[in-house]
Amino acid sequence: MSILLIPIAPLSRTKSRLRDCFPKELLKDLTIAMFKDLASKVINVDCFDQKIVYCHNSEILELAEGYGLIGIKEKLTKPRKSFDEVINDLNNIAIKEFNALNTIFTFLDVILISENNLKDICSLMELNQLVVCPAIHSAGISIFGRSPPDIIPTHFSDPNIPSFVALITDAQERKLKYSVYDSFRAGFDIDIKQDLLLGFEYLKLFNLNDSETFKFLKNNLKLALQKRNLKNNREFKISKTK
């Protein structure tokens, strides 16, 4: 069984790094827009035996079921679990309740991901024990798959080493057969303010103007991105628009 897993943070905590861009209610709307876009792609990919959404909020779970996905409610704890612990909980559910032979995790904010990207990951999982798509900007991870699902732990909560670097280092030490999936579209995620502005432009470039995320950003993003100087393409200034 090949299981696609989509963990989603509680709406009250969603995208906290973007709170200087949008108030909480709009961040909730952005999360729902991104989820609708991801779900509309996932439902057209038939290489997964099950597709599971893991979230505390009933609103997201009801939307998931409307798209024909399986919704599982996350039980929140105090203190909060680390992201690695949340990933491990969901992975164990896939193993114990759905007899997963491999699991593939993707995340809500990969707004450019395509159906073909998901199919590519499925194909690579047939040949490898670990498949990882690195996040474009952060040396983090945008998609990863494991076969079997518990062959290696994740390293999202490592305080010192980026999750992609830590995972690949661990895989090498364990002598696992792995593949790094090189994809701009699958590797671009929304994490900080600059990503929102770049993402809005990339959505246009990839003709994703009909996506819910594009519509949200078009209506609510009141920021503009500019280079700080002509000689440096890596430093930007962000200004407010009317």
Side-chain angles (χ1 to χ4, degrees), residues 4-9 14-15 17-18 21-22 26-48 51 53 60 63-64 66-69 104-125 131-145 164 179-227 233-234 236-242:
L4 179 67
L5 303 173
I6 306 171
I8 300 175
T14 186
K15 288 295 161 194
R17 294 180 186 176
L18 301 178
C21 302
F22 302 118
L26 282 183
L27 284 177
K28 175 181 172 182
D29 292 344
L30 173 60
T31 298
I32 291 172
M34 291 191 295
F35 175 72
K36 289 179 177 178
D37 290 337
L38 180 59
S40 67
K41 297 167 187 174
V42 164
I43 59 174
N44 293 320
V45 179
D46 60 7
C47 58
F48 303 109
K51 304 158 186 176
V53 175
I60 292 291
L63 280 172
Y67 281 95
L69 311 177
I104 298 93
F105 280 80
T106 191
F107 303 109
L108 191 66
D109 57 357
V110 285
I111 63 171
L112 305 179
I113 196 171
S114 69
E115 295 166 20
N116 285 336
N117 291 142
L118 294 168
K119 292 174 183 176
D120 289 344
I121 295 291
C122 283
S123 297
L124 289 169
M125 286 303 302
V131 177
V132 189
C133 179
I136 294 295
H137 298 301
S138 63
I141 293 171
S142 63
I143 306 173
F144 71 99
F164 173 72
S179 175
V180 176
Y181 180 57
D182 180 12
S183 168
F184 175 81
R185 288 189 62 163
F188 181 84
D189 60 0
I190 297 292
D191 194 36
I192 59 174
K193 186 186 295 186
Q194 182 173 306
D195 300 333
L196 281 174
L197 291 147
L198 292 172
F200 182 57
E201 298 302 324
Y202 293 146
L203 286 166
K204 288 187 280 188
L205 289 173
F206 288 110
N207 297 315
L208 297 172
N209 302 47
D210 292 331
S211 69
E212 296 298 320
T213 305
F214 178 83
K215 294 173 187 175
F216 173 89
L217 294 175
K218 182 178 180 181
N219 291 331
N220 297 288
L221 188 61
K222 308 300 182 184
L223 300 169
L225 192 68
Q226 296 178 309
K227 291 194 297 184
N233 286 324
R234 297 192 178 205
F236 298 94
K237 61 181 179 180
I238 296 172
S239 57
K240 290 186 178 181
T241 61
K242 295 182 180 179

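- In this structure, L198 CG and I136 CD1 are separated by 11.5 Å, a value rounded to the nearest 0.5 Å.
- The main-chain N or O of I192 is found under 3.5 Å from a side-chain atom of D195 such that the two form a donor-acceptor pair.
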### Task
Check the pair L5, I104 against side-chain contact (heavy atoms from CB on, under 4.5 Å), reporting the backbone distance first and the verdict last.
CA-CA 6 Å; L5 303 173; I104 298 93; over 6 Å; no

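- Side chain of S179 to main chain of Y181: no donor-acceptor pair is present (N/O by atom type, distance under 3.5 Å, no hydrogens or angles).
- Residues K218 and F200 have side chains in contact (heavy-atom distance under 4.5 Å, counting atoms from C-beta outward).
- No donor-acceptor pair under 3.5 Å is formed between the side chain of S142 and the backbone N or O of A135.
- Nearest heavy atoms, A186 versus V110: O-CG1, 3.6 Å.
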### Task
Might you work through the ring-ring contact (aromatic ring centres under 6.0 Å, His included) test for F188 and F206, ending with a clear yes or no?
CA-CA 13 Å; F188 181 84; F206 288 110; 9.3 Å; no

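- Among M34, R185, E212, the one residue that satisfies the side chain to side chain contact (heavy atoms under 4.5 Å, CB included) test with I111 is M34.
- Between S183 and C133 the shortest heavy-atom distance is O-SG, 4.0 Å.
- Heavy atoms only, all atoms of each residue included: K215 and N209 are closest at CG-O, 4.2 Å.
- Residues passing the side chain to side chain contact (heavy atoms under 4.5 Å, CB included) test with L197 are L221, L223, L225, I238, sequence neighbours excluded.
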### From CA spacing to verdict: side-chain contact (heavy atoms from CB on, under 4.5 Å), I143, I113
CA-CA 10 Å; I143 306 173; I113 196 171; 3.3 Å; yes

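- Scanning for salt bridge (Lys or Arg N to Asp or Glu O under 4.0 Å) contacts around K204 gives E201, with sequence neighbours left out.
- At least one side-chain heavy atom of F184 sits less than 4.5 Å from a side-chain heavy atom of L112.
- The two residues M125 and V131 have their closest heavy-atom pair at SD-CG2, 3.5 Å.
- More than 12 heavy atoms of other shown residues, nucleotides or ligands fall within 6.0 angstrom of atom CG in N219.
- Rounding to the nearest 0.5 Å places OG of S40 at 7.5 Å from CG of L38.
- Ring centers of F214 and Y202: at least 6.0 Å apart, outside the cut-off.
- Atom OG1 in T213 sits 8.0 Å away from atom CD1 in I190 (nearest 0.5 Å).
- Between atom CG of residue L30 and atom CG of residue L196 there is a gap of 6.5 Å, rounded to the nearest 0.5 Å.
- Not one N or O on the side chain of K222 forms a donor-acceptor pair closer than 3.5 Å with the backbone of C21.
- Within the 4.5 Å cutoff, side-chain heavy atoms of P134 are placed close to those of V180.
- For the atom pair CG of L18 and CG of D191, the computed distance is 7.0 Å after rounding to the nearest 0.5 Å.
- Nearest heavy atom pair, residue A33 against residue F216, reads CB-CB, 4.4 Å.
- No side-chain heavy atom of K51 sits less than 4.5 Å from a side-chain heavy atom of I6.
- With rounding to the nearest 0.5 Å, the separation of CZ in F48 from CG in L69 is 11.5 Å.
- Ring planes of F105 and F144: parallel class, angle under 30° (limits at 30 and 60°).
- What you find for T106 and P7 is that their closest heavy atoms are O-CD, 3.5 Å.
- Side-chain atoms of S114 and N117 form a donor-acceptor pair, as typed in the model, at a separation below 3.5 Å.
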### Query
Between I8 and F107, is a side-chain contact (heavy atoms from CB on, under 4.5 Å) present by the stated rule, with each step listed?
CA-CA 7 Å; I8 300 175; F107 303 109; over 6 Å; no

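- Considering only heavy atoms from C-beta on, V53 comes within 4.5 Å of F35 through its side chain.
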